[in-house]
Amino acid sequence: MSYRVLARKYRPQDFSALIGQETLVRTLNNAIAANRIPHAFILTGIRGVGKTTTARIIAKALNCEVGETANPCGVCSNCVAIAESRHVDVLEMDAASHTGINDIREIIDSVQYLPTMGRHKIYIIDEVHMLSKAAFNGLLKTLEEPPPHVIFVFATTEIRKIPVTILSRCMRFDLARVEPDVLANHLANVCGKEDFVFDEAALQVIADAAEGSVRDSLSILDQAMALSGEGKKIEEQVVRQMLGLVGWQQIFGLLEPLFAGNIEQTLEKARSLYQAGADPIQVLEDMLEIAHLLSQLKAAPSLKQSSHLNGSDITRAVALAEKLSIPFLGRLWQSLIKAVEEVKHAPQPMMALEMALIRLAFISDLPSPTDLIRTLKNNPQAAIPVQAPAAAPKREEALMAMPKNFKELVALFKERREPFLHQWLVSDVYPIICEPGRLEFRPAKNAPSELGGRLSEKLKLWTGRHWLVIVSNEEGAPSLKEEEDKRQLELKEQALNHPAVREILQAFPGAAIKTIIKKDGDEHEHTKNDATSAGNAEEDGGDAAKAG
């Protein structure tokens with residue numbers, strides 16, 4: 001006889017052999033015992049949890065020669081024929097390869113005929129979500145009012161793709177993922193029947209890798225048995241190498257220098273794992289599992305006993321969790337999720353892994369957003385403690401740019417090369433209050449309506465602090481241009497009274513004072529006159545007049 005894989009050899013033949021589906025089994029047992037059997041079932045769940053197997057057990061339970069029973073005998077002609085997929089009244093159809101309306105018409109045409117061998121004609125449609133829209137519509141009427149001898153059993157991994165019109169006509173059962181501990185016990189029973197010895201940790205690794213699928217776990221166990229050869233022993237290290245997995249101690253050995261910010265040691269550990277055959281994506285997924293465990297230990301310490309790690313690993317995880325914060329673990333989780341996607345699409349997965357580890361090493365000392373907010377709240381002008389070298393100078397520059405009065409604020413806009421905003425501030429703004437974090441002013445008629453918002457936006461960008469900018473109708477102080485015009489008039493009057501200036505103006509008829517220049521070279525522009533400029537004069541008070 002040809003070899004039968006474990007997933008087929010140990011397929012459950014009755015409800016009692018189904019593992020991890022207690023709710024389903026109890027409901028079906030009660031329904032059959034009370035003769036409350038629906039005319040349509042829909043079974044949903046991930047691959048390998050027993051959807052098709054359950055459908056066949058339902059068929060045996062309803063067609064067993066003993067009678068409708070939750071415990072079919074398994075030895076009568078009907079039970080044997082159903083188990084061997086050759087019963088004429090139990091028709092299995094794969095919707096992945098029979099998707100059209102013509103396939104459904106064959107079912108509709110055949111339902112009117114009475115069963116040949118059993119009590120019921122049972123139609124099992126696997127992956128029913130792959131039927132076309134027309135096929136679903138063609139099935140509706142028959143599914144709603146089938147003949148009393150017809151039972152439909154649908155199986156799907158994509159329940160959301162099933163039309164609600166179909167769902168409403170079926171009794172739905174959600175098959176759960178099988179817990180790792182339950183899977184490990186099941187694998188241990190199989191190993192015993194196959195005369196294999198095993199490490200419990202090895203079976204736990206297989207159960208974890210199966211992700212709740214019984215078929216996947218048996219397939220992996222089949223491979224491990226083949227790998228073990230004549231020794232007939234399933235060892236943890238062999239299973240990990242077969243699956244490209246890394247031991248928990250090695251993952252902890254990678255995470256500890258990573259959390260300490262030791263990039264060199266972290267990269268050395270990662271390269272050692274890679275040389276030993278570890279898959280970069282699997283390394284990141286193991287890190288994600290540890291990050292999840294550490295978050296649980298931090299947020300809910302009582303859950304630590306539910307982990308499948310052994311005692312020494314749990315002790316190490318607890319010690320590591322005590323040093324970390326929930327915000328950091330949250331950032332770690334998000335970064336690892338992003339890193340997994342990067343490695344999957346990278347042409348060189350190991351390079352992508354190393355880049356991800358370098359990035360992760362730098363987040364260990366970064367303050368959380370809560371810490372930053374608390375720092376600014378307690379001391380608005382304090383520098384933010386960050387590790388990035390470029391961030392500190394930028395923050396210091398922003399604090400130095402914080403204007404203390406209106407003139408410093410206007411000078412800031414000139415320094416940042418915002419000519420239009422600067423000109424409006426000079427000519428069209430009448431300041432009322434100006435202090436760090438607050439500006440209140442009355443705009444002139446020529447000022448744009450969005451001036452307040454634009455000022456607030458720029459000040460927040462440059463100073464790193466939110467500014468309250470208020471547009472008011474109060475009179476306010478004169479604009480800077482009005483103050484400068486007034487000052488120029490005063491200086492011109494002083495210059496006109498200077499003897500040297502009077503002599504120049506008398507010597508050059510039609511000449512006028514154009515600009516007042518301080519001796520330190522600070523020039524104050526004034527509105528030009530139409531007169532031609534000429535001559536210079538000095539004043540004892542420290543100002544000079546450029547005349548023309």
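Computed from a prediction, not measured in an experiment: that's the story for all the values here. Along the sequence shown, residues carry numbers from 1.
- Tested against Phe41, the residues Thr54, Leu28, Ile124 include a single side-chain contact (heavy atoms from CB on, under 4.5 Å) partner, Leu28.
- Tyr274 and Glu354 share no side-chain donor-acceptor pair at under 3.5 Å.
- Atom-to-atom distance recorded for Phe136:CZ and Thr165:OG1 is 8.5 Å, nearest 0.5 angstrom.
- At least one side-chain heavy atom of Met287 sits under 4.5 Å from a side-chain heavy atom of Leu255.
- Taking a cutoff of 4.0 Å between a charged side-chain nitrogen and a carboxylate oxygen, Glu22 and Arg26 do not qualify as a salt bridge.
- Contact detail for Pro12 and Ile57: the closest heavy-atom pair is O-CD1, 4.0 Å.
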From CA spacing to verdict: side chain to side chain donor-acceptor pair (under 3.5 Å), Arg47, Thr157: CA-CA 7 Å; Arg47 83 278 172 200; Thr157 54; over 6 Å; no

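- Within the 4.5 Å cutoff, the side chain of Pro38 has no heavy atoms near those of the Cys170 side chain.
- Residues Ala95 and Ile125 come closest through the heavy atom pair CB-CG2, 3.9 Å.
- Minimum heavy-atom separation, Leu357 to Leu258: O-CD1, 3.4 Å.
- A distance of 11.5 Å separates CD in Glu256 from CG in Asn262, rounded to the nearest 0.5 Å.
- At distances below 3.5 Å, at least one donor-acceptor pair connects side-chain atoms of Lys298 with backbone N or O atoms of Leu324.
- The shortest side-chain heavy-atom distance between Lys233 and Ser228 does not fall under the 4.5 Å cut-off.
- Gln13 contributes a side-chain N or O that, together with a main-chain N or O of Arg11, makes up a donor-acceptor pair within less than 3.5 Å.
- Using a cutoff of 4.0 Å between basic side-chain nitrogens and carboxylate oxygens, Lys232 and Asp195 are not scored as salt-bridged.
- Taking the side chain as every heavy atom from C-beta outward, Leu139 and Phe154 approach each other to under 4.5 Å.
- Counting only heavy atoms from C-beta outward, the side chains of Leu221 and Leu203 approach each other to under 4.5 Å.
- Checking His186, Lys193, Arg4, Glu194 one by one against Tyr10, the side-chain hydrogen bond (donor to acceptor under 3.5 Å, both in side chains) holds for a single residue, Glu194.
- Taking each heavy atom of Ala55 and Val153 in turn, the nearest pair found is CB-CG1, 3.5 Å.
- Between Val111 and Phe152 the shortest side-chain heavy-atom distance falls below 4.5 Å.
- In the model, Asn102 has no side-chain atom that pairs as donor or acceptor with a side-chain atom of Glu106 under 3.5 Å.
- No side-chain heavy atom of Asn78 sits under 4.5 Å from any side-chain heavy atom of Asp89.
- A 4.5 Å side-chain heavy-atom check between Ile337 and Trp333 finds at least one atom pair inside the cut-off.
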message: I'd like to know whether Cys191 forms a side-chain contact (heavy atoms from CB on, under 4.5 Å) with Met225, so could you lay out the CA-CA distance, the side-chain angles of the two residues, the decisive distance to 0.1 Å, and finally the verdict.
response: CA-CA 9 Å; Cys191 287; Met225 287 179 173; 3.9 Å; yes

